[in-house]
Q: 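Before I ask anything, here is the structure I am working with.
For this chain, numbers begin at 1 and follow the sequence in order. Whatever order the structure lists them in is the order used to number ligands and atoms, beginning at 1.
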Amino acid sequence: LIEKSEFKEGMRRLAASVCIVTTELDGQKIGCTATAVCSLSDTPPSLMVCLNQASLTGKAVSKSKKLCINICSTEDEATSNLFAKSSNDLDKFQNNDWETTQSGSPRLRSSIAAFDCIVDNIAIAGSHFAITSLIQDISISPDKNEALLYAGGSYGKFSSL
Ligand SMILES: Cc1cc2nc3c(=O)[nH]c(=O)nc-3n(C[C@H](O)[C@H](O)[C@H](O)COP(=O)(O)O)c2cc1C
């Protein structure tokens, strides 16, 4: 196996869309920033997200069995930084405009798209939960479509060649 530092150096070159993964458990809103999100299939519509087993969000999703994947817009950089902090002693949900999806997870109104999901399967993969989810509902912003990207330790946005 390669060294952890080599893994990190390589993965810094994998530009990714920044998402805020949220859930609700026992009346509490919980969420974190995540880039390990990918499309799984359109039959049935499903996606996958990998969350650290030690994170509050990972623990909460494994219990609540529901989540919302909010794709950040270029205006959500501060929200991404806030949600990358641990939820201990911090109410991450007080600053932004949130609404509740049909399944009960918080949806970020400023996101460019949001997927309301229920968990289909959770595989334990080393330090992380590999969570596959079925998409129940989608909300697509009519006016915003610029995704917030993360690569090389910095935020950016997409521009075509
Ligand atoms: C750009 C970025 C991407 C991240 N992607 C992930 C990810 O895909 N999965 C994950 O478990 N943590 C990811 N994190 C780290 C979590 O956001 C961080 O550990 C957070 O404090 C967890 O909060 P919680 O314990 O309140 O759930 C990422 C952080 C940043 C800044």
Q: Who gets closest to atom 11 (O) of ligand 1 by heavy atom: L148, N52, N88?
A: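 Among L148, N52, N88, the closest heavy atom to atom 11 (O) of ligand 1 belongs to N52.
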
Q: Taking 4.0 angstrom as the limit and counting only heavy atoms of S87, give me the atoms of ligand 1 inside it, by number and element.
A: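 Counting from 1, the qualifying ligand atoms are 26 (O).
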
Q: Give yes if a backbone or side-chain nitrogen or oxygen of L56 is under 3.5 Å from a nitrogen or oxygen of ligand 1, and no if not.
A: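 So ligand 1 has an N or O lying under 3.5 Å from an N or O of L56.
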
Q: Does atom CG (D26) have a neighbourhood of more than 12 heavy atoms from anything else shown, all under 6.0 Å?
A: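 No, because the 6.0 Å sphere around CG of D26 holds 12 heavy atoms or fewer from other groups.
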
Q: Test of understanding: with side chain to side chain contact (heavy atoms under 4.5 Å, CB included), list the residues that count as partners of T100, not counting sequence neighbours.
A: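 By the side chain to side chain contact (heavy atoms under 4.5 Å, CB included) rule, T100 matches no residue at all.
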
Q: If I apply the N/O under 3.5 Å rule, does Y150 come out as touching ligand 1?
A: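 No; every N/O pair is 3.5 Å or more apart.
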
Q: When you measure from the heavy atoms of T35 to every atom of ligand 1, does any distance fall below 4.0 Å?
A: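 T35: in contact with ligand 1 (<4.0 Å).
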
Q: Give a yes-or-no answer on whether the side chains of N81 and Y155 include a donor-acceptor pair shorter than 3.5 Å.
A: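 Y155 and N81 do have a side-chain donor-acceptor pair below 3.5 Å.
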
Q: Counting heavy atoms only, name the option from C50, A16, A151, A36 that's nearest to atom 10 (C) of ligand 1.
A: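 Shortest heavy-atom distance from atom 10 (C) of ligand 1: C50.
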
Q: Taking the minimum heavy-atom distance to atom 18 (C) of ligand 1, which of C32, A60, A84, C72 ranks first?
A: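 The nearest heavy atom belongs to A84.
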
Q: May I ask you to list the atoms of ligand 1 that are less than 4.0 angstrom from any heavy atom of F83?
A: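 Counting atoms of ligand 1 from 1, those under 4.0 Å from F83 are 17 (O), 20 (C).
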
Q: So how far is it from I71 CD1 to L148 CG, rounded to the nearest 0.5 Å?
A: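 Spacing of CD1 (I71) from CG (L148) equals 11.5 Å.
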
Q: Got a sec, which residues hit side chain to side chain contact (heavy atoms under 4.5 Å, CB included) with K144, two or more places apart in sequence or on another chain?
A: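 Per chain and number, K144 pairs via side chain to side chain contact (heavy atoms under 4.5 Å, CB included) with S73, E75, S110, I112, S141.
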
Q: Work out whether the distance between some heavy atom of K92 and some atom of ligand 1 is less than 4.0 Å.
A: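 The answer is yes: ligand 1 sits under 4.0 Å from a heavy atom of K92.
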
Q: For atom 28 (C) of ligand 1, which of I20, T33, N81 has the closest heavy atom?
A: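 Residue with the shortest heavy-atom distance to the ligand atom: T33.
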
Q: In terms of side-chain geometry, is the basic nitrogen of K29 or E24 positioned less than 4.0 Å from the acidic oxygen of its partner?
A: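 Salt bridge: no.
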
Q: Between D116 and S103, do the side chains contain an N or O donor and an N or O acceptor separated by less than 3.5 Å?
A: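 Looking only at side-chain atoms, S103 and D116 do form a donor-acceptor pair, the distance falling under 3.5 Å.
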
Q: Record the part of K85 in heavy-atom contact with ligand 1 below 4.0 Å; permitted values are side chain, backbone, both and neither.
A: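 Answer for K85: backbone.
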
Q: Number the atoms of ligand 1 from 1 as they appear, then name those within less than 4.0 Å of a heavy atom of T57, with their elements.
A: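 Those atoms are 24 (P), 27 (O).
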
Q: Is the backbone N or O of S46 less than 3.5 Å from a side-chain atom of S41, with the two atoms forming a donor-acceptor pair by type?
A: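 Here the side-chain-to-backbone pair does not exist.
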
